Amino acid sequence: MSDSSDAPWYADGVKFRCTQCGNCCTGSPGAVWVTDEEIERIAEVLGKPAGEVRLFHTRPLRMKLSLREFANGDCTFFDAKTRRCTVYDARPAQCRTWPMWKSNLADRSAWEETARGCPGIGQGDFVPLEQIEQQLAESPL
């Protein structure tokens, strides 16, 4: 157990295993920030030109690029029938680092609130502080 008062509440790690439920790909509208490199990887997975992916699957937002979403808030790459990401192997950093986002880890109550919609939180593998910090550094949020 951590004994430093400066340590984050999650200093001893958290339990998380992605259940691939799709909940983080659906819901309220928002932004999924995507880089040019990520668009290239998505295009490669889809077997499409990067320009086509950019045109049909992204939108400018606050001087950045975000993935588009359907009217119901679902991500453009979310398959509602299978409840899976169609570009899972090339998903953007924001998706890869879920739920290790600053907002979700702000305090224990934020984590518990996030857990209400994410069945993988509190389950499965132990994620140590070092891995949490690495994912926080990789996340655009």
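Atom set for the values below is all heavy atoms of this structure, side chains included, hydrogens, waters and symmetry mates excluded. Numbers here simply count residues along the sequence, with the first being 1. Everything numeric here is computed off the predicted structure, so don't read it as measured data.
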Undergrad: First locate atom CZ of Arg91, then atom SG of Cys24, and finally report the distance between them rounded to the nearest 0.5 Å.
TA: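 With rounding to 0.5 Å, CZ (Arg91) is 8.5 Å from SG (Cys24).
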Undergrad: For a quick check under 3.5 Å, do Glu130 and Gln134 share a side-chain donor-acceptor pair by atom type?
TA: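 No, no side-chain donor-acceptor pair sits under 3.5 Å.
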Undergrad: Does any non-hydrogen side-chain atom of Val32 lie less than 4.5 Å from one of Pro92?
TA: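 Counting from C-beta outward, Pro92 and Val32 do come under 4.5 Å.
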Undergrad: So, using salt bridge (charged side-chain N to carboxylate O under 4.0 Å, His left out) as the criterion, who are the partners of Asp89 when residues are at least two apart?
TA: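 Listed in chain order: nothing, the list is empty.
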Undergrad: For residues 10-54, pull every pair meeting ring pair (Phe, Tyr, Trp, His ring centres under 6.0 Å), keeping only residues two or more places apart or in separate chains.
TA: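 Applying ring pair (Phe, Tyr, Trp, His ring centres under 6.0 Å) to every pair that reaches into residues 10-54, excluding sequence neighbours, yields nothing.
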Undergrad: First locate atom CZ of Arg59, then atom CZ of Arg54, and finally report the distance between them rounded to the nearest 0.5 Å.
TA: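 It is 14.5 Å, given to the nearest 0.5 Å.
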Undergrad: Would you say that Met100 contacts Val14 through its side chain, given a criterion of any heavy-atom pair below 4.5 Å between the two side chains?
TA: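 With C-beta onward as the side chain, the pair touches.
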Undergrad: Ignoring hydrogens and geometry, is there a side-chain-to-backbone donor-acceptor pair from Arg17 to Asp125 under 3.5 Å?
TA: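 No, Arg17 side chain to Asp125 backbone: no donor-acceptor pair under 3.5 Å.
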Undergrad: Out of curiosity, Leu67 CG to Ile42 CD1, how far, rounded to the nearest 0.5 Å?
TA: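 So the CG of Leu67 and the CD1 of Ile42 are separated by 5.5 Å.
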Undergrad: With sequence neighbours excluded, give me every side chain to side chain donor-acceptor pair (under 3.5 Å) pair touching residues 63-79.
TA: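 Residue pairs with at least one partner in residues 63-79: His57-Thr76, Asn72-Asp74.
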Undergrad: Check Trp9 against Leu105 and note the closest heavy-atom contact, atom names and distance.
TA: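 Where Trp9 meets Leu105 most closely, the heavy atoms are NE1-O, 2.9 Å.
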Undergrad: Answer whether the closest heavy-atom distance between the side chains of Leu46 and Val87 falls below 4.5 Å.
TA: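 With C-beta onward as the side chain, the pair touches.
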Undergrad: Ignoring hydrogens and geometry, is there a side-chain-to-backbone donor-acceptor pair from Ser139 to Leu136 under 3.5 Å?
TA: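 Not a single qualifying donor-acceptor pair exists.
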Undergrad: Go through the structure and list residues passing side-chain contact (heavy atoms from CB on, under 4.5 Å) with Gln131, not counting sequence neighbours.
TA: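 Residues passing side-chain contact (heavy atoms from CB on, under 4.5 Å) with Gln131: Val127, Pro128, Gln135.
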Undergrad: Would you give the length of the straight line joining atom CD of Glu38 to atom CG of Leu65, rounded to the nearest 0.5 angstrom?
TA: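 Glu38 atom CD to Leu65 atom CG measures 10.5 Å (nearest 0.5 Å).
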Undergrad: Can you confirm whether Arg84 sits close enough to Gln20 that some side-chain heavy atom of one is under 4.5 Å from a side-chain heavy atom of the other?
TA: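 Of all side-chain heavy-atom pairs linking Gln20 with Arg84, at least one is under 4.5 Å.
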Undergrad: Just jot down the side-chain hydrogen bond (donor to acceptor under 3.5 Å, both in side chains) partners of Thr114, sequence neighbours excluded, or say none.
TA: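 Residues passing side-chain hydrogen bond (donor to acceptor under 3.5 Å, both in side chains) with Thr114: Asn104.
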Undergrad: Residues in side-chain hydrogen bond (donor to acceptor under 3.5 Å, both in side chains) with Arg41, at least two apart?
TA: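 Arg41 satisfies side-chain hydrogen bond (donor to acceptor under 3.5 Å, both in side chains) with no other residue.
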